[in-house]
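Remarks on the structure that follows.
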There are 6 protein chains.
Amino acid sequence: MNCKIIGDKCPDMPWEERPANCDRPLWRYSKNPIITKNAVPKCNSIFNSAVIPFGDGFAGVFRCDNDRRQMRIHAGFSKDALNWEIEPEPLTFASSPAGLNFEYAYDPRVCKIDDDYIITWCNGYESYPTIGIAKTRDFKKFDQLENAFLPFNRNGVMFPRKINGMYAMLSRPSDNGHTPFGDIFISYSPDLKFWGGHRLVMKTDMPWESTKIGAGPIPIETSEGWLLIYHGVLTSCSGYVYHFGAALLDLDDPSKVIARGQRYLLAPETPYERYGDVPNVCFPCATLCDSETGRLAVYYGCADTVTGVAFGYVDDIISYIKNN
Amino acid sequence: MNCKIIGDKCPDMPWEERPANCDRPLWRYSKNPIITKNAVPKCNSIFNSAVIPFGDGFAGVFRCDNDRRQMRIHAGFSKDALNWEIEPEPLTFASSPAGLNFEYAYDPRVCKIDDDYIITWCNGYESYPTIGIAKTRDFKKFDQLENAFLPFNRNGVMFPRKINGMYAMLSRPSDNGHTPFGDIFISYSPDLKFWGGHRLVMKTDMPWESTKIGAGPIPIETSEGWLLIYHGVLTSCSGYVYHFGAALLDLDDPSKVIARGQRYLLAPETPYERYGDVPNVCFPCATLCDSETGRLAVYYGCADTVTGVAFGYVDDIISYIKNN
Amino acid sequence: MNCKIIGDKCPDMPWEERPANCDRPLWRYSKNPIITKNAVPKCNSIFNSAVIPFGDGFAGVFRCDNDRRQMRIHAGFSKDALNWEIEPEPLTFASSPAGLNFEYAYDPRVCKIDDDYIITWCNGYESYPTIGIAKTRDFKKFDQLENAFLPFNRNGVMFPRKINGMYAMLSRPSDNGHTPFGDIFISYSPDLKFWGGHRLVMKTDMPWESTKIGAGPIPIETSEGWLLIYHGVLTSCSGYVYHFGAALLDLDDPSKVIARGQRYLLAPETPYERYGDVPNVCFPCATLCDSETGRLAVYYGCADTVTGVAFGYVDDIISYIKNN
Amino acid sequence: MNCKIIGDKCPDMPWEERPANCDRPLWRYSKNPIITKNAVPKCNSIFNSAVIPFGDGFAGVFRCDNDRRQMRIHAGFSKDALNWEIEPEPLTFASSPAGLNFEYAYDPRVCKIDDDYIITWCNGYESYPTIGIAKTRDFKKFDQLENAFLPFNRNGVMFPRKINGMYAMLSRPSDNGHTPFGDIFISYSPDLKFWGGHRLVMKTDMPWESTKIGAGPIPIETSEGWLLIYHGVLTSCSGYVYHFGAALLDLDDPSKVIARGQRYLLAPETPYERYGDVPNVCFPCATLCDSETGRLAVYYGCADTVTGVAFGYVDDIISYIKNN
Amino acid sequence: MNCKIIGDKCPDMPWEERPANCDRPLWRYSKNPIITKNAVPKCNSIFNSAVIPFGDGFAGVFRCDNDRRQMRIHAGFSKDALNWEIEPEPLTFASSPAGLNFEYAYDPRVCKIDDDYIITWCNGYESYPTIGIAKTRDFKKFDQLENAFLPFNRNGVMFPRKINGMYAMLSRPSDNGHTPFGDIFISYSPDLKFWGGHRLVMKTDMPWESTKIGAGPIPIETSEGWLLIYHGVLTSCSGYVYHFGAALLDLDDPSKVIARGQRYLLAPETPYERYGDVPNVCFPCATLCDSETGRLAVYYGCADTVTGVAFGYVDDIISYIKNN
Amino acid sequence: MNCKIIGDKCPDMPWEERPANCDRPLWRYSKNPIITKNAVPKCNSIFNSAVIPFGDGFAGVFRCDNDRRQMRIHAGFSKDALNWEIEPEPLTFASSPAGLNFEYAYDPRVCKIDDDYIITWCNGYESYPTIGIAKTRDFKKFDQLENAFLPFNRNGVMFPRKINGMYAMLSRPSDNGHTPFGDIFISYSPDLKFWGGHRLVMKTDMPWESTKIGAGPIPIETSEGWLLIYHGVLTSCSGYVYHFGAALLDLDDPSKVIARGQRYLLAPETPYERYGDVPNVCFPCATLCDSETGRLAVYYGCADTVTGVAFGYVDDIISYIKNN
């Protein structure tokens, strides 16, 4: 293994070896989807969700659209990170800044910094989308912080440690609608409350990501740089196709792109990715990885309907980025 | 049974009991789809169609798009309301008002008032959509009446009896295209020719119906009010999703909404609803119900391609509306 | 004079002879605009307004957008039909059908049938545009009737007498926005409440009216047919241009077009038509005419800002229609 | 056989007899899809591709989108026209006119005229789509000629012989995007370099082709006229549906349409046509046919993802066109 | 005078008394426009510009689009605030944060806090609009700070003192284009570098401001609250109309709106507001006011072409807001 | 004079010296507009028109939209090139290729090659715009040739001599509508019938031309290269602005741009350019120039309503291009 993951071991993470006929850097779990709407009552779909090691098992925050088609996020727990107990009720905040009322929440990410688990998500503020932030230590009591930015923003993704003494977050400024544009920017904060030092990280580039891109899981620290898995969207003549992409960012200044894969990592192919409430969507939101073996499990939303997992080696993916 | 259906018995209507693992107010017939394009020669698809008890069996009017993709409606007959003989030729009118020429017809409904079966549909007039009306007594000879409204209108649905001495019709004013807006209005007529007293019944509301709503089957008279099953459309980031919804309207003034379900009744889930000429469509157009048992069968178009049936109890649905 | 106006004399109507160098069927009043926002306090603009002989002078209903830019209609009176006293407050209704609340009102027309003055206008209903109707005998007390149609409609224009025992109204079905389409239809009513027998009168045709057309003043009855002056809109590469057009309709069946002018009658040319809140608009809303001399005065909105008058002879205009 | 194919025998072309229950003029190969992305490494999809008899077997040019989602064309060879060896690298040009650089290439067609195989495709020029042309004799060395037209154009399809001494090409002028319009035109050239004499052949017509039409395979010369198979697109309320259509063109003046089928030949129905990167697409690009038996095999792209074959008799199709 | 301006005297500010026939809260300078493109060589237009007392006269920052139609800002000086000497070259920065390159600059505002003059403007960053910030003490040497926000933002307007120890800025989040939406938000910063505590101040409301609103001049501190003059845009059927509006914000928490005028303060009326590069624009960007007399001069862009001034009394305007 | 015009003397061309206060490369004729709609009966506007020396005076082809708003071209004659006699009837063709019927014609150019005057214009073909061509020797008898290109194209402008033995034409491929895009291409022909060798000349570049560009007058041959005056369009937040631009093209290969002015030559400023049927349009279509003095007169359409002239020196303009 040439490239070393800088982080914890995770010996109990899920794993399946690469199938014999597969020459791609990622392969799907054979029992996908791992989570369907049946995990929560009165639920329409569970997808675009985030997991993380917690205690002697795993915890997560899940996007569960209910059968009013309202967008809500729920906490959940698992021993093996494959079979999940998801709370039947959406998570609520023990405290919130004055003036921030709950409207809707979707596409959560979870990041551990020191002893805190920091949740970020697309948060409705005065009916406009921006980046919400909350802290928890036990996935039961959540305290909401100030929204990171003015509207309109989506896909806010924290780095898992301070960089040059500052919290750092990727995000995708956008507008008031699902309009087809968006690039990835980085912003810094001394205190998770005031944000500045905004810089562009990446614009859309190759055809598979030509419409818009957005950060996916929390970036993975490696000896080569931050490994960023992201989604890239192509507009076909009749709808969108969401792919996984990957890039390597400078450890000290993540606005510098060291390498960026010209090829997608994964594209919709199976029935559960090809059709559902939004056809042709693979949307990565979280990873588990083990610094000892270099194994990686990517959790991703499928067709805005169910949740799947794909496996790979961090090492392979970084080679793939550099060589393609 | 708390809520009484005001209407005829229908002991021969199709029925299947609720599957063991189902906690929803409606469940699909296990042999869906019941009608495919094979029922009519040179046909592209049969969907969004209406059935009604007739003689000692059932009759119906079916939307059969042909392989020119022209939209036509055909009469049909059945003994069991599951296996249908559909006329190979579109229905034609024995008489029509001067100036109304046939252009296209889609999404029919059938309503019995006194001895007449009244057909309403989306009718092309000068190439614009409005609500066509016809009468029949035998489903063989149809006499066309005046169009109910000026263009642009769709989803005209009659009430099954006069209200305060007037014919009453729900409809959805819209524009010259499949543009994403539309609310439900009610209008009255002394004679099925002149229409007025137009009132709003419901606007779009919950997320699953946030784009547009339109009346579905003929409203069902109950001791609690008129049970209206309707379709509600959500615009995802890459297309529409059509759900069933339900509401309860005042018996004497149906523009008053007594209760309205915040949750959908049914959403696209099976392959025959998920893909077809228009993916993710469940479009209810007719019901059969039995006043003795409270059983309900909803006939609905699936993915603008085939026709399915779902079952439930009127009583359950009204509870579901009130409690959700 | 070959063509006879069927109607009253109006010897006191405003008049200016045709300028020497003018070869067009209509010519502008040399003191245009005759009405500006100064006629009403806290007013933004007065345009698209209707006048009619009344008592020993004239009365009218005026579109006065206020400085909230709300659209309101005001009554007004004049001795000479050029200098107007406009009520400082919008008109209100002494009675209204239950369920119809005032939202907004614009582009009024006034029609006399027997002893009643009937006002029609574009009326906000549930925030959607449709045709409002009211009656008055003194331009002080107005009683609102039912809206004529379902939304979405604009430019409702009554005929000045019953036709075959029915009230008749032209209108332009449209959608929920200023979108660029619209044709003229006719509808009938036995009682001003229930409307039916809808027929197409004219679609858009020549380039100057290729985007949309809408009826203008109350049609003028002549020995040759109904003279209809209407507006026709062309979409340039950077905005709209509103022209006057004219057509002749059959006296007994006005859905039959006897003749229609291929050339516009009047197009924006003067500064007060060229610029204002909406540049390049000439929008005819009312006429005065004198059956003895054949003189015609057309009242029209200029650039959605002020009100002007143009003069001509009915005879000339009908010749112009027939010859062009 | 009433209608005679004017052309070579092709006894080794693939064939399956019509299934018993099929009454359509075309039927699908039972082992479809015949080509998937697995035929080429790092490939996303292989579709909209062209084949032709070559030597003692077959050759072809294939649209292979790679996993950058770049659009490229590759040469390929087969003994049986079902199992294909496709070159792993895109084809390149031994020579090109100065100023023409490779940008992208898609939807190729292959035509044999005298001893040359002429390839046409949608060619990126200054990032705009137009019709590229190349010649080969061995499918190894390709020489690029001038683009046939100015941008914006797609679906350039040669006739397989000169007509009145001129090369002839069908094409679909369009714009810089996948916008929903397009008709079929014909153009002539004395030398494959300069083009003129442009004439309309067909506009969109029936509902199944109401959005846009484009020529498909090289027209087939028959005793009745040129048989043109083309694609016709309908815009549903939530996306496109691509069908096969067919028409018969005059042998001497192909801008004259002798007959045109009002019904589609084939519409998306199987899972591999219903879903993929673009749902509901059947896109015909090439045929093999045998003048002795009248057999026809149509090669077509399925859902912009894989390649399929359908079979029929030329005779039947021409009857179908004339009778429908 | 009921309402007291909290701020400096400005006895030399320009002034003209209210014309006799004017009953509006603001009136135009009789010699408008005061600045045209002739003030700068190779200039297309000078508008949407900011002025402030400086030394014994006045200084300003001016939007000067050049004859490449590039958007640039220039410093300028004046003795009387009516006749301006504008630097022929755009202003440049003595220092800038790494990574911020000049792209374009428009619609500047100037604010004095302690001894610094702080310039904010719409700043191009990676070709996207956001809020740029710079400091100067002499209007000759300008030091650029970090951009305040991620793209996409416009109309960033500072408060003229810290509030609760924090810098405060109004802005209008928007998207990558001149698309018709936008509300006013407030954000805070401890250091002009990191920003947070984002709250909504006002959404669009009355018809004259129904499309979008944006803060105009630096808010004026009064005994009643912050007087905010802003622009409100209405979309007519053929373009935009930009008006002045005004509101009163709470001194300690400016996200609280104490009063807001339902009527516009000023609307396009004169030729230099009615036509130019963008017709029908009055765009306020700066004020001068004198705490002794309560006099106010509003500097505003006219038709995106020239610069004008309007006069009024702060007292009157606040009454106007409260009473309308 | 550094730069020599290669061409004829034209001592009788109109001329006015540069006004004292003007530092621009072009200045307007003090008596503009020179042609209004009054020159032709039943005319709406005369603009975007072409003139050329002819006999002992001048001839021209004029865009005269009539009062049906149909777009037509008329021949005209003048002694001084300022006062024009325009034929009251549109020009017609003595002969036309079979299949080409007259639909509409606009924006003509006139070019002399050898003894022929070649007219090009935007020609309606099957209701789509493309480039029409005709020849005349006397401006009385015109023979129509084949359209140069497939739809969709506009602004076809010939070079005034063969280049490398070929006719050459600039044009702007576009789409079926006034949509905002367009670059300039060049094409060649051996015979004015067949066209090929298509190459890009220039794309949109500076802000004033960022939406679309199109060739204007016939290029002027100079010792430095071809001087091309063209129009460049900027999209403001509320409409278009059309400017003049200029570039210098290589004499032997005009697809090579030697120099291109970053600044516009002329922008709308006067009332007759600011308002009219399309506000803010300066559209150059023809020049007269005198090789002895280097004087240039540019004929241009103003606001799509009238025709104006601007003067300058070829030498100055080329310096301006090179220096800006």
Side-chain angles (χ1 to χ4, degrees), chain A residues 97-101 103 123-133 145-156 166-167 169-177 179-204 212 253 255-256, chain E residues 97-101 103 123-133 145-156 166-167 169-177 179-204 212 253 255-256:
Chain A
L100 296 193
N101 302 310
E103 296 184 6
N123 191 31
Y125 173 63
E126 299 288 339
S127 83
Y128 298 149
T130 186
I131 306 303
I133 312 179
L145 310 183
E146 286 283 342
N147 290 330
F149 309 117
L150 285 170
F152 302 92
N153 208 313
R154 290 185 180 83
N155 294 302
M166 290 278 180
Y167 292 99
M169 191 192 293
L170 301 170
S171 73
R172 190 186 75 196
S174 44
D175 74 356
N176 187 20
T179 48
F181 73 99
D183 302 329
I184 300 174
F185 287 74
I186 191 168
S187 305
Y188 295 95
S189 173
D191 53 10
L192 287 179
K193 182 167 182 188
F194 296 102
W195 293 85
H198 314 293
R199 289 291 180 279
L200 177 71
V201 178
M202 300 196 300
K203 289 202 171 190
T204 59
K212 56 182 175 178
D253 178 358
S255 74
K256 292 187 188 160
Chain E
L100 297 192
N101 303 308
E103 295 184 8
N123 191 31
Y125 172 63
E126 298 288 341
S127 83
Y128 298 148
T130 186
I131 305 303
I133 312 179
L145 310 183
E146 286 283 342
N147 290 329
F149 308 118
L150 286 170
F152 303 90
N153 208 313
R154 290 185 179 83
N155 294 302
M166 291 277 179
Y167 293 98
M169 191 193 293
L170 301 170
S171 73
R172 191 186 73 197
S174 44
D175 74 354
N176 187 20
T179 49
F181 74 99
D183 302 328
I184 299 175
F185 288 74
I186 190 168
S187 306
Y188 294 94
S189 173
D191 52 11
L192 286 179
K193 182 167 182 187
F194 295 101
W195 293 85
H198 314 292
R199 288 294 180 278
L200 177 72
V201 178
M202 298 196 302
K203 290 200 171 189
T204 59
K212 56 182 175 178
D253 178 359
S255 75
K256 292 186 188 160

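To find a chain, count down the sequence lines: A is the first, B the second, and so on, and within it residues start at 1.
Within the 4.5 Å cutoff, no side-chain heavy atoms of Trp195(E) are placed close to those of His198(A).
Considering all non-hydrogen atoms of both residues, Ser127(E) and Lys203(A) come closest at OG-NZ, 3.5 Å. Pairing each heavy atom of Pro151(A) with each of Pro173(E), the nearest pair is O-CB, 2.8 Å.
Taken to the nearest 0.5 Å, the CG atom of Leu150(E) stands 12.5 Å off from the CZ atom of Arg172(A).
For chain E, the nearby part of Asp183(A) is the side chain; its heavy atoms alone come within less than 4.5 Å. Heavy atoms of Ser171(A) lying under 4.5 Å from chain E belong exclusively to its side chain. Ser187(E) touches chain A through its side chain: at least one heavy atom from C-beta onward sits under 4.5 Å away, while N, CA, C and O do not.
Ranked by heavy-atom pairs shorter than 4.5 Å toward chain E, the options Leu100(A), Asn153(A), Thr130(A) are led by Leu100(A). Across Pro97(A), Pro190(A), Ser189(A), the residue that shares the most heavy-atom pairs under 4.5 angstrom with chain E is Pro190(A).
For the ring-ring contact (aromatic ring centres under 6.0 Å, His included) criterion with Phe152(A), the lone passing option out of Phe149(E), Phe181(E), Phe185(E) is Phe181(E).
Cation-pi geometry between Lys193(E) and Tyr188(A) is not met: the NZ or CZ atom fails to fall both under 6.0 Å from the ring centre and inside 45° of the normal.
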